[in-house]
Amino acid sequence: MPAKFIVGTQFGDEGKGKTTDFFAEKADLVVRYQGGNNAGHTVVVGDRTYKFHLLPSGLLQGKKCCIGAGVAIDPRVLVDEIKQIESEAKINLAIDPRAHIIMPWHNALDAARESAKGKKKIGTTGRGIGPCYEDRAARNGIRFVELVNGEKLKERIAELFPLKKKILEEIYGAKVDFTEEGIFKQYSELGKQLLPLLSDVSIEVSNALKAGKEVLFEGAQGTFLDNDFGTYPFVTSSHPIAGGAFTGIGIGLLKEFEVIGIVKAYTTRVGSGIFPTELEGKLADRIRETGKEFGTTTGRPRRVGWLDLVLLRTAVRLNGLTGIALTKPDVLNGIEELKVCTAYECNGKEMKEFPADWHAVENCKPVYKTFKGFNIAPETKDFDELPQEAKDYIGFMEEELGVPAKIISTGPKRSQTILR
Ligand code: GDP
Ligand code: IMO
Ligand code: MG
């Protein structure tokens, strides 16, 4: 299939990095379309672990990679990430001129807003993502095409800096420890380094698709962190759902494509927000430790809970999933009884899809189906070799969602992947 979309179906960290790297072997182009360095995508090759924040996860397969217009780029992070990887992998990267740039005031505003919200904080990654996308919508943003043009950059910083400084100091009482000159010096240097990567990604991707090449679209975050369709306001500021790829790159609707939803065999969430199947206590600790559920970007412990089919049914609809990649079932190894949430019980009624207003399910109870536990060997190569109990768990999910699990991941490494 010429176009394959990789999307997170839960609250992020489902294993998009691993899956993208796996599919990238057969792809020609790997493209990020939204989010920024709030993302942390892990790829494990042999004994090495790589964490990508802005670079697409197809890089280690030696594939051409693109960062589309919808991505919020922190050039400090991008240049660092390139430096870290360039001795090991060939970097063939294109960056769209329209992509917006995260400026130091975005990080400062992110921190100031979170602290002003107190108990109601979102628990953002602190990477300036929200303020950067806000400025894009408010038409106060700086784009990549301006970052790489010294004169223009100087003009834009001069226009925006005094305003941002005033907001930070006078509204939030924050200390501003950066200067207009300092920012220009640092950012114009970064712009010079990144200039050779400027290329119209909308054209690159459209041409690749026209030529029948395989394009892999790598989503960041997850369906329920989507700015419109997630658990607002506890969401990110971009569109991680598959539709976000069209506006995030600048391509038309496609005739043929696959949408692979990455489903973690249980649920995790970092930051605040509703989590109906959340677990606490010893079992939660066990899953968190075994699954190494600590944020790739911020190191924060992730909240953990049972698999939630209400969320997933909704994710099937919102993304038009054609297939599922199930990750981390091995983390559940040895747990005697597993639970899967099939619906929420609200005032005597069963709710099967996640509502637009999450307050409506705040006081509902998850309805669980119980499964016998399993033990998956990490090097299992064939679906038929999986224990019957694991097949039952996976089969039930497929039946309830009406979408086949095309990949079962049995460990973090490339080799630990069953393709059906
Ligand atoms: P992403 O943000 O969706 O790319 O996911 P992250 O990289 O933030 O988190 C997923 C974590 O799970 C990473 O540490 C991966 O190396 C790891 N991982 C991915 N698939 C599997 C799997 O099937 N089993 C286990 N045990 N770990 C996995
Ligand atoms: P990947 O791509 C998990 C969460 C934050 C917070 C909310 C808003 O690795 O799956 P933001 O910094 O975007 O304004 O934070 O979204 N969040 C993620 N959670 N994985 C991610 O990315 C995330 N990116 C943002 O924890 O709750
Ligand atoms: Mg992650």
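Each residue takes its place number in the sequence, starting with 1. We count ligands from 1, going down the list as the structure has it; atoms in each ligand are counted the same way.
- On a distance-only criterion, Val331 and ligand 1 share no N/O pair closer than 3.5 Å.
- Of the candidates Val7, Leu326, Asp330, it is Asp330 that places a heavy atom closest to atom 24 (N) of ligand 1.
- Ser409 OG, 2.5 Å is the protein heavy atom nearest to atom 23 (O) of ligand 1.
- At under 3.5 Å, a nitrogen or oxygen of Gly15, whether backbone or side chain, sits near a nitrogen or oxygen of ligand 1.
- In this structure a side-chain-to-backbone donor-acceptor pair under 3.5 Å is present from Tyr33 to Pro240.
- With a heavy-atom cut-off of 4.0 Å, Gln10 does not touch ligand 1 at all.
- Looking at Asn319, its side chain does come within 3.5 Å of a backbone N or O of Ala315 through a donor-acceptor pair.
- For ligand 1, the atoms lying closer than 4.0 Å to a non-hydrogen atom of His41 are 1 (P), 2 (O), 4 (O), 7 (O).
- At least one heavy atom of Glu14 sits less than 4.0 Å from an atom of ligand 1.
- Contact shell of ligand 2 (protein heavy atoms, cutoff 4.0 Å): Phe11, Gly12, Asp13, Lys16, Asn38, Ala39, Gly40, His41, Ile122, Gly123, Thr124, Thr125, Ala220, Gln221, Leu225, Val235, Thr236, Val270, Gly271, Arg300.
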Fill in: side chain to side chain donor-acceptor pair (under 3.5 Å) between Gln84 and Asp80, intermediate numbers included
CA-CA 6 Å; Gln84 276 182 34; Asp80 249 22; 4.9 Å; no

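- Ligand 1 has at least one atom lying under 4.0 Å from a heavy atom of Gly411.
- With ligand atoms numbered from 1 in the order given, ligand 1 contributes 4 (O) to contacts under 4.0 Å with heavy atoms of Gly17.
- Among all protein heavy atoms, the one lying closest to atom 10 (C) of ligand 1 is Asp13 O, 3.8 Å.
- For residues 325-343, the set of pairs meeting the side chain to side chain donor-acceptor pair (under 3.5 Å) definition, not counting sequence neighbours, comprises Glu293-Lys328.
- Within the structure, every pair that satisfies the salt bridge (charged side-chain N to carboxylate O under 4.0 Å, His left out) test and touches residues 42-65, not counting sequence neighbours, is listed here: Arg48-Glu88, Lys64-Glu204.
- Geometrically, Lys4 does not engage Phe257 in a cation-pi contact, judged by NZ or CZ lying under 6.0 Å from the ring centre and within 45° of the ring axis.
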Worksheet item: Passes side chain to side chain contact (heavy atoms under 4.5 Å, CB included), Val310 versus Lys352? Steps please.
Response: CA-CA 5 Å; Val310 179; Lys352 291 245 175 188; 5.8 Å; no

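- Relative to the ring axis of Phe383, Arg420 places its NZ or CZ within 45° and under 6.0 Å from the centre.
- Note on Glu14 versus Lys264: no salt bridge recorded, every NZ/NE/NH1/NH2 to OD/OE distance being 4.0 Å or above.
- The set of protein atoms (N, O or S) found at less than 2.8 Å from the Mg ion (ligand 3) reads Asp13 OD1, Gly40 O, by chain and number.
- When non-hydrogen atoms are compared, ligand 1 lies under 4.0 Å from the side chain of Lys18 (C-beta onward) but not from its backbone.
- Listed by number with element, the atoms of ligand 1 under 4.0 Å from a non-hydrogen atom of Arg302 are 8 (O), 9 (O).
- No side-chain donor-acceptor contact under 3.5 Å links Thr290 to the backbone of Ile287.
- Side-chain atoms of Tyr187 never come within 3.5 Å of backbone atoms of Val148 as a donor-acceptor pair (strictly under, hydrogens ignored).
- For atom 28 (C) of ligand 1, the nearest protein heavy atom (residue, atom name, distance) is Lys328 CG, 3.5 Å.
- For the residue pair Thr298 / Arg300, a side-chain donor-acceptor distance below 3.5 Å is found, with atom types taken as modelled.
- For the pair Lys369 and Phe371, the distance from NZ or CZ to the six-membered ring centre is under 6.0 Å and the angle to the ring normal is within 45 degrees.
- Here the protein heavy atom with the shortest distance to atom 2 (O) of ligand 1 is Gly40 O, 2.9 Å.
- No donor-acceptor pair under 3.5 Å is formed between the side chain of Gln221 and the backbone N or O of Gly12.
- Ring to ring, Phe5 and Phe246 are close: their centroids are under 6.0 angstrom apart.
- With respect to atom 1 (P) of ligand 1, the closest heavy atom belonging to the protein is Lys16 N, 3.5 Å.
- Aromatic pair Phe224/Phe354: ring centres closer than 6.0 Å.
- Side-chain atoms of Lys121 do not come within 3.5 Å of backbone N or O of Ser115 as any donor-acceptor pair.
- Of all the heavy atoms of Thr42, the ones lying under 4.0 Å from any atom of ligand 1 are found in both the backbone and the side chain.
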